[in-house]
Structures are given as C-alpha cells and as structure tokens.
Amino acid sequence: MDSVYSPQQIEAKWYQYWLDNKFFHSEPDGREPYTIVIPPPNVTGVLHMGHMLNNTIQDILVRRARMTGKNACWVPGTDHASIATEAKVVGKLAEQGIKKTDLTREQFLEHAWDWTREHGGIILKQLRRLGASCDWDRTGFTMDEQRSASVIKVFCDLYDKGLIYRGVRMVNWDPKALTALSDEEVVFQEHHGKLYYLRYKVEGEDAYAIVATTRPETIMGDTAMCINPRNPKTAWLKGKRVVVPLVGRVIPVIEDEYVDIEFGTGCLKVTPAHDVNDYMLGEKYNLPSIDIFNDNGTLSEAAGLYVGMDRFDCREQIVRDLDAAGLLEKQEDYTNNVGFSERTHVPIEPKLSMQWFLKMEHLAKIALNPVMQDDIRFYPAKYKNTYKHWLENIKDWCISRQLWWGHRIPAYYLPEGGFVVAESAQQALEKAKKQTGNENLSVGDLRQDPDCLDTWFSSWLWPISLFNGILDPGNKEINYYYPTTDLVTGPDIIFFWVARMIMAGYEYEGKMPFRNVYFTGIVRDKLGRKMSKSLGNSPDPIELIDKFGADGVRMGMMLSAPAGNDILFDESLCEQGRNFNNKIWNCFRLVKGWQVSDAEQPRYAALATRWFQALLAKTAGQVADLFTKYRLSEALMAVYKLFWDEFSSWYLEMIKPQYGCPIDRTTYEQTLTFFDSLLKLLHPFMPFITEELWQNLYERRQGETIMLAQLGSFGEPDETIIGEVEHLKAVITGVRNIRQQRNIPQKEQLELQVLSDEAFSAEATEVITKLSNLSSIVAVEQKAANSASFIVGVTEYAVPLDAFINVEEELRKLEADLKYQEGFLAGVMKKLSNERFVQNAKPEVVAMERKKQADAESRIAALKESIKALGK
RNA sequence: GGGCGCUUAGCUCAGCUGGUUUAGAGCGUCUGCCUUACAAGCAGAGGGUCUGCGGUUCGAAUCCGUAAGCGCCCACCA
C-alpha cells in the first residue's frame with residue numbers, strides 16, 4: 001500500500017461493483033421506506049457546483065438511511081426544461097442556417113429529440129462520478145410516456161373541475177422566446193435609463209400637458225391621459241382632450257386616484273395594451289387598447305409609425321424625432337426596475353394575449369396549513385414565512401407557453417367555434433360529437449391547441465408521477481414510497497416547484513409529497529460572488545473530482561454547508577477533504593501492518609479500548625441526533641474529529657506497540673471493530689474510501705458491501721471513563737508543553753511528580769508514561785526545587801528538571817496564571833456576594849459557583865506556593 | 001415601499017429553553033519537529049468580550065427596544 005491514497009481507480013471500481021450488484025435498487029418490502037426524488041436537472045444540462053452540493057446531500061441522507069434499517073430509494077431523472085431546451089435547439093438550428101419558422105412542428109420536435117438523445121443524460125452520468133446512489137432502473141424524464149400521460153390527465157381533470165380556464169389577460173411576454181411566462185419567471189433588475197418629459201398639446205388651446213415616461217416608444221398605444229382628481233396642479237386639464245405627440249391622435253383626460261400626485265408632472269399616459277396598471281385603467285374606463293408591438297418586440301402595423309423597428313431602436317429614434325418636433329420638454333437620468341425573462345434575459349413586454357390559466361385559490365388553500373403546522377417541515381424554518389406570504393398573495397398561474405418542446409395542451413378547437421378538452425384526439429372527437437350533435441365530425445376537423453404547458457406543470461407532479469400515482473392510483477409503489485421522506489432543493493425554486501408539489505400532492509394523493517424539505521444554500525466563490533459562466537469562477541466539478549477524488553470533493557462541499565446558508569466554496573476545502581482521506585488511509589496502513597501475538601493485553605491498552613468504546617458510543621449518538629436535525633456538516637465534523645483527533649492522535653498512540661513488536665490479539669481485534677464502526681459512520685459522507693477499506697479490513701464475501709452494513713447501536717456511553725481520560729490527556733499535554741517550552745528532546749525520559757494523595761490507577765499510569773515518555777510517576781508532598789509545574793483540575797503536577805531553570809521566566813508564567821485565576825475568582829465572588837443571586841438563582845447554579853470558588857482558591861494557593869518557592 | 005434574516009477569533013461558522021470554571025469548532029497563523037502509518041504529517045501555542053446604544057434580570061452572545069451595515073424575498077409609481 002502506497003503512503004498516499006489515490007482515489008481514481010478505487011472510485012471507479014467500487015461504483016461499478018455497486019451497480020453490478022444492484023445495491024442502489026429498491027423494491028417495496030416490509031421495511032420502513034425512505035424515499036427521495038431528485039430535483040430533476042435539465043435534460044441537456046451539465047453538472048455545476050450547485051448540483052454537486054445538492055446531490056451530495058441527498059446521497060448522504062440516502063446512504064445513512066440504508067445503514068439504519070430503511071428501505072432507501074432515491075429516484076433520479078431529468079426535466080425537459082421547455083424554454084431552455086427549445087432555446088438551445090433553436091440556437092443550434094440557427095447555426096445550421098435553419099429557422100424554426102421554416103420547420104413544421106413535427107420536424108422541429110424531431111430535431112429536439114435528437115438533441116435530447118445526444119446531450120440527455122450526460123448530467124446523470126456525471127452524478128455517478130460523485131458516487132450518487134440513485135436507483136437508476138427508475139430513471140424518469142418529465143416528458144417520457146408515463147409522465148406525459150400523467151400531465152395530460154391532470155390537465156383534463158383540473159379543467160373538468162373548473163380550475164383551468166382560457167382567457168385574454170395581460171401576461172409577461174418574452175419577445176425573444178416568443179412565449180408568455182408566469183410571474184415567477186420574471187426577474188426584476190435595476191435599470192439605469194431616462195425619464196422623458198413629453199409635451200401633449202391640449203386640444204383647442206395653446207397649452208401643453210407634460211407627461212413623464214420611461215417608455216416614449218409606447219405613445220402610439222396611448223388611449224388616454226390620466227390625472228388625479230385631487231391634484232390642484234393638474235385640475236386645469238379636467239374634462240379636456242389632448243393630442244398624442246407625433247401621432248396626432250386626440251385622447252381624453254381621465255381622472256383616477258391611482259395617479260401619484262408626487263411623481264413626475266402628475267400626468268400619466270395610459271397605454272392599456274402595454275402596461276399592467278394601464279391595462280387596469282383601460283378596463284375600468286373602457287378605453288380602447290392598441291397593441292403596437294409584434295410578438296418579437298418590433299413595432300406592428302397598428303403602431304402606424306416606425307413599423308417593423310425594434311422597440312429599443314424605436315425608443316432612440318422617437319426621442320430624436322420628438323426633440324426635433326419640439327415635443328420633448330426635457331429628459332433626466334432615472335433608475336427603475338425592469339422585468340427580465342429568467343431564461344432569455346430580455347426585458348419582458350407586458351402583453352395582452354389569450355392564455356390558459358390555473359386558478360390558485362383552492363390549491364393555495366390546501367397547501368398552506370400543512371407547512372405552517374409543521375406537518376411538512378422546512379429546514380431552515382425561516383422559509384415558512386416566504387412560503388406563507390407567496391401563497392397568501394398568489395395570482396392565477398399562466399400555464400400555457402407558445403413553445404413546441406413540452407406537453408401539448410389537450411384542447412381541441414371545433415370547426416364552428418368552441419373547444420373540448422380531452423386526453424386524446426379520439427376522446428376529444430367523442431366529446432365534440434356530443435357537444436355539437438354533429439355525428440359527421442372526424443378527427444381531422446379538430447384543431448389541437450398549438451401551445452405547450454409550462455415545464456413546472458409537469459414538475460409539480462414529479463413525486464407522484466415517478467411512482468405512477470396519477471395513471472394508476474393506489475398502486476403498490478405509490479402506496480409504499482409516497483409520501484417521500486426528504487426533498488433537497490434550493491430556496492430559489494420554493495414557488496416554482498416546492499409549493500406547487502405540495503398543492504399537487506394534496507390534490508391528487510390527499511397527502512403531503514414529502515415530510516421534510518432541506519433548503520440548500522447557493523454555492524458562491526470564496527469572495528461571495530455567485531458562480532457564473534461569465535465570471536469564470538465556477539470550477540468544473542469533474543475536474544475537481546479528478547484532482548481530489550469524489551470523497552474529497554464531497555467533504556469539501558459539506559464542510560461549510562449549513563442548511564439555507566450560502567456556501568463560499570474554495571478549492572482548499574476539497575484539499576482538506578483529500579487530506580482527511582489520506583489520514584484514514586494511513587491509519588489503515590498502520591493498523592493492518594501490525595503483527596499479532598497471543599500475548600496478554602497490556603493495561604494501557606485495556607484502558608484505551610474501554611475509553612474509545614465509550615467515546616465512539618457518545619459520538620455516534622451525537623451524529624444520530626444531528627442527522628435528525630439535518631445538521632449534516634456538524635455531523636461530519638463530529639466524525640472527522642472522532643477519527644482524526646481521538647482515534648488517530650490519541651487512541652492509536654495509546655495502543656501502538658513498540659517499534660518492531662507485535663500487538664496483542666485482544667487489542668488488535670478491538671481496534672478492527674472500532675475501525676469498522678468508524679468507516680460505517682463515515683460512509684455516507686465518503687462512500688468510496690470507506691468501501692475500499694471496509695472490504696480489506698476483514699475477509700469479506702463476494703456481494704458484501706459497507707453500503708448495506710447496519711450501523712447498529714452502540715449503547716450508553718460511559719461518561720466516567722471519558723472524563724478520566726480527558727484528565728489524562730491534559731496531564732500528557734502538560735508534560736509535552738514543558739518539553740516544548742524548554743527544548744527537551746522527546747527521547748529524554750522525565751519524572752512526573754503529583755502533588756496529591758490520590759494516585760493514578762496502574763492503567764492510567766501506563767498511558768501517561770507511554771505518551772509522555774516518563775521514567776516514573778511519583779506522588780509527593782512537595783515538588784522538587786528545580787521543576788516546572790502545571791495544574792489540571794485542582795491537582796498540581798511537576799516535572800523535575802536537571803538543568804537550571806530560568807527562574808524569571810518561570811515566575812512570569814506562574815504570575816500570569818495567578819492573575820488569571822484571581823480574576824476568575826473575583827468574578828465568582830462577585831456573584832456569590834450578591835445576596836439576590838444566592839436567593840434567586842437555582843440551587844445547583846449556586847452550588848456550581850461554590851465549587852468554582854473552591855477550585856479557584858486551591859489553584860491560587862498552589863500557585864502562590866510555587867511562586868514563593870521560586871522567589872527565595 | 002412591505003416582509004424576513006444576518007452581524008461571535010484573520011476566514012467560514014456553532015452557540016437549542018438566559019447560569020456548565022471570565023465564549024467553542026474547522027481552516028489559516030506562529031513555534032518546534034523529515035519520530036520507522038501519514039510533511040496531504042506530528043507536537044505545542046497565540047487569537048475574540050460576541051456590530052453600537054438602551055432596557056429587562058440576581059445574572060445577557062443568548063430575551064426586548066433602537067441605530068448602523070450586509071443579505072434575501074415580495075411589490076413595482078409612470
């Protein structure tokens with residue numbers, strides 16, 4: 001075995017072994033189920049650091065579940081990602097000189113499927129490098145047959161329930177993707193623009209009303225000017241009509257309190273077709289609505305001017321023209337928030353269009369309480385507020401998208417108007433015949449709605465549709481695996497996905513979709529910047545794995561990833577992970593390199609094994625508790641310290657046989673069982689190295705795996721021995737300190753004097769002697785004249801020194817310590833001399849203070865004595 | 001504009017119902033070591049009064065109020 005651990009071949013080997021033996025596969029049985037469904041990544045995406053974090057956490061939870069008696073099932077899959085994928089396909093076609101509009105729907109979909117087959121699943125392959133223990137046999141895709149049929153069935157069901165409707169509404173229009181978006185898909189960003197003051201001539205007068213606007217290019221759509229009836233400054237305009245500049249159209253001045261008196265000039269131009277608020281005014285006052293934009297953001301025929309020009313080019317041009325015409329009063333810098341498309345990053349155009357909507361009132365209602373009452377638990381819980389606020393202010397969900405890549409809306413339009421909704425064309429025809437009374441209708445007469453459904457309309461069914469709960473309700477699998485146990489996802493999709501899954505869960509299963517939601521943070525670079533392609537600050541996860549090993553990277557991710565907090569990722573964390581792997585590796589080399597004899601177990605080893613057994617039990621308990629609280633980084637840190645500090649630095653040093661000597665069988669075997677337990681505790685965090693070492697720790701049979709080994713129970717820890725050894729460790733450290741400070745070589749043996757009646761046990765004496773290389777430990781009443789001393793607890797220890805000690809330095813140390821102790825005592829006395837403290841505080845608290853007082857006093861006495869002894 | 005959260009050692013963070021020897025961890029730093037498992041290591045050390053102010057209490061990093069800074073979410077006034 002090499003002294004450096006090389007993960008590469010080892011990781012590949014064991015992943016294949018796990019696959020070959022189907023260890024990841026789950027079938028319903030008598031055990032308690034533990035289920036996770038993966039947040040499906042985009043089918044054509046590649047792995048980034050966010051996925052790494054998210055999937056590492058899921059894998060840790062799943063692996064831990066397997067080792068604690070659960071039947072664990074982690075279902076993987078991918079998302080068709082309607083807009084993102086369609087945009088990629090359109091882009092690729094454009095490279096080949098093909099326009100989407102030149103293709104039929106069928107031709108386009110063929111290209112899209114080709115693209116999906118080519119790039120699809122890369123990300124799932126990458127997850128294997130990470131060690132993800134997904135049940136690959138169950139891999140799903142939001143657009144595969146089963147999931148598609150589920151989506152269509154749910155759409156029809158909701159339509160039949162009257163929850164889905166079709167109508168013309170103001171929606172968020174993405175002029176690049178040429179589709180409507182839901183409110184959640186719009187991100188507002190600060191935009192530095194200008195505020196333009198335009199002159200609207202008052203009809204029949206030689207006066208102008210000034211309107212401030214950020215969007216002068218929309219004046220062609222103006223159908224009114226609005227003032228606040230209570231604004232004296234604009235009162236002179238009441239009942240008048242004004243002329244839209246350049247356009248020449250005469251529009252009325254209307255009055256509404258909506259207008260902010262303080263803002264701009266107090267006059268608002270009203271463009272009902274291109275602004276949400278103006279739309280409301282338009283409805284209220286029955287204003288005409290002129291849609292001046294084409295779908296792609298260029299000016300339409302209806303605009304009359306600038307036809308065909310892009311909306312932003314038009315803005316520049318119209319400002320010049322207005323200025324030339326003397327109709328631009330002034331312009332000033334102005335910062336406002338502009339909505340951008342989450343996917344294509346172009347400014348959203350509010351647009352009136354015919355879309356499909358899902359009513360949210362009922363669904364929001366059934367989804368709120370379970371979270372507020374902690375039936376579904378959020379980690380961290382602070383996201384309950386966010387969730388509540390969203391549900392209480394929810395608007396209907398625009399679910400139609402003017403895209404081809406997705407689930408096509410199952411609505412069929414009839415030749416003579418109207419439509420039917422049905423799961424298939426055939427069923428639609430039946431309905432159509434019934435509805436129209438026309439028995440001669442054929443499938444060819446029906447025209448299916450060309451639009452697709454929002455991607456999230458399939459994602460929200462994921463925990464159900466993966467177990468076929470929509471198409472085959474109450475089947476064995478859905479009954480067993482649903483509700484799933486944990487959901488691990490980012491808080492950025494709490495509305496998109498989490499909330500909607502909860503709605504669907506209660507609507508279709510009558511039960512929560514998951515019991516716990518663990519919100520991960522966002523992975524940022526060490527400077528706190530979001531990782532992005534343009535910044536180039538996002539490491540390639542696969543390269544990281546090549547460099548540090550999957551186990552090292554997993555540990556790097558987990559070392560600073562408390563739930564809900566952003567993690568500042570730094571490669572040095574992976575380095576720490578790799579170093580830990582190396583440490584484990586070398587401990588294994590040490591232990592397995594020992595010769596074993598049948599000699600009796602030495603006393604120091606008897607103490608060490610009893611102690612470590614207790615500490616192992618204690619830490620295992622802490623880890624179990626931390627897992628129930630989803631404090632995974634803390635759980636990892638607890639095992640890390642147990643392995644490195646306690647097992648490796650203390651325990652192994654305690655039991656280590658002298659160089660060249662064998663170890664007794666009892667201690668050896670005990671040590672192997674400790675190692676076995678440590679590997680099992682570590683396995684969820686670092687699956688590969690633990691499998692490798694576990695396989696070599698004992699003779700294992702073919703088909704055995706640490707993955708399915710059970711953690712078992714460690715019993716109640718013996719706190720007494722843990723405390724005793726803590727004391728011994730402090731004594732050993734005290735002696736080591738003396739060596740360090742006085743440059744005494746490790747090889748030189750020292751004597752340790754104990755100023756106490758209570759002697760160490762024979763076992764303890766051996767341990768201290770061994771680890772601090774002593775010639776003897778003796779109880780004395782008075783320490784040697786030339787000695788260095790230290791105090792542990794209330795006992796003073798001294799090491800006689802041959803050489804003359806530096807009296808001054810010794811005194812300085814003692815006096816510093818004395819000063820500290822006296823300060824401490826003063827603090828205690830202040831409390832104890834406070835009558836109200838003694839009266840009001842709990843008795844055990846007072847007793848504790850008394851103990852502190854006594855201890856401090858005895859330490860002070862010892863120190864004073866030492867100082868006096870040195871002083872003469 | 002509304003809401004939520006954060007501010008503890010150089011960095012990243014714990015600190016649950018106020019009292020567990022005048023605040024803990026990991027990393028980094030400093031010192032001494034190539035000691036025959038590991039220099040990707042070993043041994044040891046230093047470092048903060050818990051953002052400021054006020055209050056409640058016998059007692060506050062912990063509870064309340066307030067100011068400042070930072071972050072997130074929602075709304076979106078042209």
Side-chain angles (χ1 to χ4, degrees), chain A residues 1 3-5 188 195 211-215 218 226 258-260 262-265 267-271 275-278 334 336-339 380 382-386 389-390 393 491-492 494-495 522 526 528 548 552 559-562 564-568 570 572-573 575-594 629 631 633-634 637-638 640-641 648-649 652-653 656 659-660 733 736-737 739-741 743 745-747 793 820-821 823-828 830-831 834-842 844-846 848-849 851-853 855-856 859:
Chain A
M1 271 174 97
S3 75
V4 172
Y5 172 61
F188 285 89
L195 192 58
V211 168
T213 178
T214 54
R215 300 202 62 190
T218 62
C226 191
Y258 164 75
V259 178
D260 185 348
E262 303 300 319
F263 188 88
T265 59
C267 298
L268 173 72
K269 68 193 261 322
V270 183
T271 320
D275 183 279
V276 183
N277 296 302
D278 293 9
Y334 187 69
N336 65 339
N337 283 332
V338 176
K382 66 176 175 184
Y383 289 111
K384 283 164 70 179
N385 291 325
T386 314
H389 184 261
W390 185 72
N393 295 282
D492 50 332
I494 187 168
F495 310 135
I522 293 168
K526 62 178 165 183
F548 300 106
L559 274 173
S560 69
N565 278 18
D566 287 359
I567 87 159
L568 303 188
D570 186 346
S572 69
L573 292 171
E575 204 176 311
Q576 195 185 339
R578 180 201 58 185
N579 294 354
F580 184 44
N581 277 291
N582 206 235
K583 184 69 188 179
I584 300 169
W585 181 254
N586 278 294
C587 286
F588 185 85
R589 287 175 61 218
L590 172 71
V591 171
K592 288 302 276 188
W594 283 330
K629 294 171 178 150
R631 302 173 79 142
S633 6
E634 284 174 60
M637 188 48 71
Y640 175 79
K641 285 196 279 192
S648 174
S649 297
L652 290 179
E653 292 302 326
K656 206 177 192 175
Y659 181 61
T733 301
R736 285 173 176 174
N737 235 324
R739 277 187 198 277
Q740 169 96 1
Q741 284 161 2
N743 263 320
Q746 182 59 36
K747 283 173 205 151
Y820 173 89
Q821 295 295 347
F824 174 72
L825 180 63
V828 175
K830 196 177 155 201
K831 275 192 188 177
N834 182 339
E835 259 178 58
R836 286 184 297 180
F837 168 72
V838 180
Q839 277 167 14
N840 296 329
K842 281 181 280 184
E844 55 267 35
V845 173
V846 178
M848 176 68 72
E849 291 303 312
K851 169 102 166 49
K852 283 190 203 171
Q853 179 196 352
D855 289 357
R859 282 194 298 262

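Below, chains carry the letters A, B, ... as their sequence lines are ordered, and counting in each starts from 1.
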Counterpart base for [N], defined by Watson-Crick or G-U wobble contacts under 3.5 Å:
N	answer
B:U62	none
B:G28	none
B:C50	none
B:C4	B:G71

Which listed nucleotide ([options]) is nearest to the side chain of [X]?
X	options	result
A:Gln740	B:A78, B:A37, B:U31	B:U31
A:Arg589	B:A37, B:G19, B:A78	B:A37
A:Arg578	B:A40, B:A37, B:A78	B:A40
A:Phe495	B:C73, B:A14, B:A78	B:C73
A:Lys641	B:U21, B:A25, B:A78	B:A25
A:Asn337	B:C58, B:C76, B:A43	B:C76
A:Lys851	B:U21, B:C38, B:A43	B:U21
A:Met848	B:G26, B:U20, B:C58	B:U20
A:Asn582	B:C58, B:A40, B:A25	B:A40
A:Leu268	B:G26, B:A14, B:A78	B:A78

Quick one: do the A:Lys269 and A:Thr218 side chains pair a donor with an acceptor below 3.5 Å?
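There is such a pair (donor and acceptor under 3.5 Å, judged by atom type) between the side chains of A:Lys269 and A:Thr218.
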Hydrogens and angles aside, do A:Lys384 and A:Thr386 bring a side-chain donor and acceptor to less than 3.5 Å of each other?
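No, no side-chain donor-acceptor contact under 3.5 Å.
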Provide the distance between the two [atom1] atoms, one in [N] and one in [M], to the nearest whole Å.
N	M	atom1	answer
B:A61	B:U17	C1'	16 Å
B:A14	B:C6	C1'	15 Å
B:A25	B:C64	P	28 Å

Looking at A:Glu835, I want to see if its CD is surrounded by more than 12 non-hydrogen atoms of other residues, nucleotides or ligands under 6.0 Å.
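No.
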Determine the contact category for A:Val259: base if any of its heavy atoms lies under 4.0 Å from a base atom, sugar-phosphate if only primed atoms, P, OP1 or OP2 are that close, otherwise nothing.
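Since a base atom lies under 4.0 Å of A:Val259, the category is base.
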Would you classify A:Asn336 as touching base, sugar-phosphate or nothing, given that sugar-phosphate means primed atoms plus P, OP1 and OP2, and contacts are heavy atoms under 4.0 Å?
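Sugar-phosphate, backbone atoms only, no base.
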Out of curiosity, A:Arg589 CZ to A:Ile584 CD1, how far, rounded to the nearest 0.5 Å?
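Going from CZ on A:Arg589 over to CD1 on A:Ile584, the span is 14.5 Å.
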Distance check needed: B:C58 P versus A:Glu849 CD, whole Å only.
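Spelled out: CD on A:Glu849 to P on B:C58 is 16 Å.
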Let me see the working for A:Phe263 and A:Leu195 under side chain to side chain contact (heavy atoms under 4.5 Å, CB included), right down to the final yes or no.
CA-CA 11 Å; A:Phe263 188 88; A:Leu195 192 58; 4.1 Å; yes
Relative to the 5' end of RNA chain B, which residue comes earlier, A:Lys526 or A:Ser649, by the nucleotide with the nearest heavy atom?
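Nearer the 5' end of the strand: A:Lys526.
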